[in-house]
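Only a predicted model underlies this, so the values are computations on that prediction, with no experimental measurement involved. Both backbone and side-chain heavy atoms feed into the values below; hydrogens, waters and symmetry mates do not.
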Amino acid sequence: MDFLLKITKPDFSVFTKLDYVHVENFYSIEDILHEKMKLINNSKQLSFINYKDSYLRDYSENII
């Protein structure tokens, strides 16, 4: 994510679900969350977050 964010910052971001899709690149679900949060934190205007996802709901207070 760091490399992509050096190229450009998104106007909007969409965080649909935190899942083990990228588990081969990370050690835990928290590592995946940390990496994906970089996208949310670097969005210029607005981020859409799936509040039904339990991990996102638990961490959403830290986002706002």
Side-chain angles (χ1 to χ4, degrees):
M1 194 67 66
D2 291 329
F3 173 74
L4 295 174
L5 289 170
K6 286 179 186 177
I7 296 170
T8 188
K9 303 275 191 228
D11 289 324
F12 303 97
S13 59
V14 178
F15 200 150
T16 56
K17 182 169 175 53
L18 185 62
D19 203 356
Y20 287 99
V21 173
H22 304 289
V23 75
E24 70 265 2
N25 299 323
F26 299 97
Y27 294 108
S28 68
I29 195 83
E30 287 80 17
D31 290 341
I32 298 168
L33 175 66
H34 176 73
E35 193 67 19
K36 295 218 177 214
M37 288 303 298
K38 292 177 184 179
L39 181 63
I40 301 291
N41 292 329
N42 283 282
S43 296
K44 292 187 231 176
Q45 293 185 29
L46 188 63
S47 295
F48 296 93
I49 299 167
N50 179 6
Y51 197 69
K52 291 181 182 180
D53 185 283
S54 62
Y55 283 105
L56 294 176
R57 186 176 50 250
D58 292 343
Y59 287 98
S60 65
E61 293 176 3
N62 297 327
I63 298 169
I64 300 171

Could I get the full list of salt bridge (charged side-chain N to carboxylate O under 4.0 Å, His left out) partners for Glu35, not counting sequence neighbours?
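Result, salt bridge (charged side-chain N to carboxylate O under 4.0 Å, His left out) vs Glu35: Lys38.
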State the [atom1]-[atom2] distance between [X] and [Y], to the nearest 0.5 angstrom.
X: Ile49; Y: Met37; atom1: CD1; atom2: CE; result: 6.0 Å
X: Asn42; Y: Lys9; atom1: CG; atom2: NZ; result: 4.0 Å
X: Ile40; Y: Leu46; atom1: CD1; atom2: CG; result: 9.5 Å
X: Lys36; Y: Asn41; atom1: NZ; atom2: CG; result: 14.0 Å

Does any part of the side chain of Leu5, heavy atoms only, come nearer than 4.5 Å to the side chain of Pro10, both counted from C-beta?
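Side chain of Pro10 against side chain of Leu5, heavy atoms only: contact under 4.5 Å found.
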Do Phe26 and Leu33 have side chains that approach each other closer than 4.5 Å (heavy atoms only, starting at C-beta)?
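A side-chain contact is absent here, since even the closest heavy-atom pair is not under 4.5 Å.
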Would a hydrophobic clustering, with Ile, Leu, Val, Met, Phe, Trp and Tyr connected at side-chain separations under 4.5 Å, put Ile29 with Phe15?
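Linked, Ile29 and Phe15 end up in one cluster.
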